[in-house]
Amino acid sequence: MVSGISFSGLASGLDTEDMMEKLMHIERAPIRQLEARKEVREMERELWGQVNTQLSSFNSVLAALRQSSTFTGRRVDTGEDVLEASATDRAELGNYGVRVDRLATSHRIASTRFDSLGESMELEGSFDIFNGTERITAEVEASDSLADLRDSINGLDAGVRASVVDNHLVLTSSETGSEDRILLVDGNSGILAGMGIIDTDQSAGDLGIAGEAEVGTLFRVVDVEVPISGTTYQLALEDPDGKVVAVSEDGIVYHSLAEPVPPDDIVDAGTSGDSFEFFGAVDSGVMELHPGGFLAAHSARGELEEGVDALFSVDGIEIVSSRNEGISDVIPGVTLHLGGLGEADLSIGLDSDRTVGAIERFVEEYNSLGGFLSGLGDDGGILQGDSTLIRLQNAIRRGATDPVASSEAGGIAMLSQIGITVDRDGVMSLDSSILSDALREDPSAVEKLFSARESDDGFAGVSRRLDEGLRAYLRYGDGILASRDRMYDRVVSDIDSRIESTGRRLERREESLRRQFTQLERMLSDMQSQGQWLQGQIDNLSGRGGSG
């Protein structure tokens, strides 16, 4: 459109601007046709994008039918509150009788009662908590309250949870079982004794120990045999200074050595009559060797609950476990969770609900996809007669309904054998009773119908066959839908170029028409001026004749 101010029809009296707009409207017919074609192509591309989305959704349902877990999942029933269980696909089908006689508990000990939760305990020093692999020191400041000590212990990650109940400090092992008892060693300041957790009335002789005992030492196990006085001691211990300590049933004998000796070099550490000093962890409880490799002591005073192992049996076989939850080493593929005392029947069967659910989703997605594609290709549909759409519909229909194997091969070869049929309109339906019967009689054959591999079984199952057919359409880069999208890009770009070039031509045409109409108005104006002059001349001549 030419810019600027113009006045049309001044000489002719015609609305030349309106005439020119109508002429240009006719001239722009090719552009309108191109824009209509572009709109159709963009709509087609959008619809193919929706086809891509529908195919991807359908393929995700097919993927579930290619997974063995869809057909081999396990359903676990216990029927009792005393036991819960879960099973992997590897679990053997069967029934087990379970009896729970004892649940595993956490070791719990408590201090004496304090007057206040927030006021100072008037204790200062440290004590050690043994978490099975290392010795962790808890520091106590003179100003610390019972609440401060609780928070401090909980921040140590020492395998012990601290709480306060009625102004008693309660320590609970983070794990259940006899091997996770709380092991404490008091420091020289006697914090634990001051809290009433351990007894101070303890002499070395009570444990058959001769010599002086120093509270607060842990010993590391050295896995050697040490002969003393003709007796072979099965354990040798090494204290933090690297000195050797031998253990017998009668007590602990420490042999002072000028230089620490590597355990392998020990042949005869002496006799029980030799002079010695003793260093050990001594309190009111018992001395025990922890499986983590340390010797420590635990106290019986203030013990609220003894940490014990769970005791249960499966089909009469007695089992001891340090935990109640997540017991996965008893029945292969099965994890047990003990919840109470009593008996329960454990049943492990196929989870047919998972299989039926996956097949129902397949039927629903097939119908959703089929209905969408049919709508695009029906009479009046935008993609009516599109050869790519027709080929896609045929590939999906054949992939689902053609036999996967010859009838001579036996087994299940068609979806109709498990209750899935397709009517003349392409709508798929499922008879659940027929499917249930097939799953009960031969679940393996149902699995192969969907997930069989050509390389392993000699034929491809429905899911794999459909996946292979759809892959040609969905494949990134060189797939049919990707290629078609690029084609639409080229077509739309070409139409845009043609619209642009046609628009430039019409601009020139409009300029030309405007010049022609302007020239016409100028010529008419000149003619009108000449006519007026001639009329004036005629009038003058007529006037003279009359006066004569």
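Note that the numbering runs from 1 along the sequence shown for the chain.
I396 is listed as a side-chain neighbour of L470, based on a closest heavy-atom distance under 4.5 Å. Using a 4.5 Å cut-off on side-chain heavy atoms (C-beta onward), I26 and K22 make no contact. Within the 4.5 Å cutoff, the side chain of F58 has no heavy atoms near those of the L474 side chain. R397 places none of its side-chain heavy atoms less than 4.5 Å from the side chain of V422. Taking 4.5 Å as the limit, every side-chain heavy atom of R150 sits out of range of all side-chain heavy atoms of L146. Side-chain contact between S368 and Q54: present, with at least one pair of heavy atoms (C-beta onward) separated by less than 4.5 Å. For the pair L481 and L55, the minimum side-chain heavy-atom distance is below 4.5 Å. Residues L341 and V82 fail the side-chain proximity criterion, which asks for heavy atoms closer than 4.5 Å.
Listed for the R32 side chain is a donor-acceptor partner under 3.5 Å among the backbone atoms of H25. At least one donor-acceptor pair under 3.5 Å links the side chain of D386 to the backbone N or O of T388. With hydrogens and angles ignored, the 3.5 Å screen pairs no side-chain donor or acceptor of R361 with any backbone N or O of A64. For the pair R102 (side chain) and D309 (backbone), a donor-acceptor distance under 3.5 Å is present. Side chain of R99 to main chain of S313: no donor-acceptor pair is present (N/O by atom type, distance under 3.5 Å, no hydrogens or angles). Listed for the T335 side chain is no donor-acceptor partner under 3.5 Å among the backbone atoms of I327. Within the 3.5 Å criterion, the main-chain N or O of V427 finds no donor-acceptor partner in the side chain of N367. Of the possible polar contacts, one joining the D423 side chain to the D425 backbone as a donor-acceptor pair under 3.5 Å is found. A side-chain donor-acceptor contact under 3.5 Å links S60 to the backbone of S57.
A salt bridge does not link R464 with E468: none of the charged nitrogens is closer than 4.0 Å to a carboxylate oxygen.
A side chain to side chain contact (heavy atoms under 4.5 Å, CB included) with S56 is found for one member of N59, T53, N52 and no other, namely N52.
At a cut-off of 3.5 Å, with distance as the only test, no side-chain donor of T421 or S416 sits close to an acceptor on the other residue. Side-chain atoms of R391 and N394 include no donor-acceptor pair closer than 3.5 Å.
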Step-by-step side chain to side chain contact (heavy atoms under 4.5 Å, CB included) determination, N95 to L346: CA-CA 6 Å; N95 299 304; L346 174 62; over 6 Å; no

Pair D494-R490, salt bridge (charged side-chain N to carboxylate O under 4.0 Å, His left out): steps then yes or no: CA-CA 6 Å; D494 179 65; R490 292 192 300 269; over 6 Å; no

Worked check of side chain to side chain contact (heavy atoms under 4.5 Å, CB included) between E318 and L311: CA-CA 7 Å; E318 192 171 90; L311 178 64; 3.4 Å; yes

Steps toward side chain to side chain contact (heavy atoms under 4.5 Å, CB included) verdict (R74, L350): CA-CA 5 Å; R74 298 297 191 257; L350 281 175; 3.4 Å; yes

R486/D489 under salt bridge (charged side-chain N to carboxylate O under 4.0 Å, His left out): CA gap, chis, key distance, verdict: CA-CA 5 Å; R486 289 194 298 271; D489 276 340; over 6 Å; no

Check against side chain to side chain contact (heavy atoms under 4.5 Å, CB included), E365 and M428: CA-CA 10 Å; E365 199 67 28; M428 182 177 284; over 6 Å; no

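The aromatic rings of F450 and F362 lie perpendicular to each other, with more than 60° between the two planes, well past the 30° mark.
Within 6.0 Å of atom CZ in R66, more than 12 heavy atoms from other residues, nucleotides or ligands are found, so the atom counts as buried in its surroundings. The environment of CD in E92 is sparse: at most 12 heavy-atom neighbours from other residues, nucleotides or ligands sit within 6.0 Å. The local environment of CD in E84 is sparse, with at most 12 non-hydrogen atoms from other residues, nucleotides or ligands closer than 6.0 Å. Counting non-hydrogen atoms of neighbouring residues, nucleotides and ligands closer than 6.0 angstrom, the CD atom of E325 exceeds 12 such neighbours.
Nearest heavy atom pair, residue D345 against residue G97, reads OD1-CA, 4.5 Å.
Within the model, atoms CG of D431 and CG of L435 stand 9.0 Å from one another, a figure rounded to the nearest 0.5 Å. One distance of note links CG of L336 with OG of S86; it measures 8.5 Å at 0.5 Å rounding. Atom CG of D315 sits about 7.5 Å away from atom CD1 of I331, to the nearest 0.5 Å. Interatomic distance, CG of D180 versus OG1 of T105, reported as 11.0 Å (0.5 Å rounding). How far CG of L103 is from CZ of R323: 14.0 Å, rounded to the nearest 0.5 Å. Between atom CG of residue L23 and atom CZ of residue R28 there is a gap of 11.0 Å, rounded to the nearest 0.5 Å.
Here D442 pairs with S444, A445 under the side chain to side chain contact (heavy atoms under 4.5 Å, CB included) rule; sequence neighbours left out. Not counting sequence neighbours, the partners of S68 by the side chain to side chain contact (heavy atoms under 4.5 Å, CB included) test are T72, E447.
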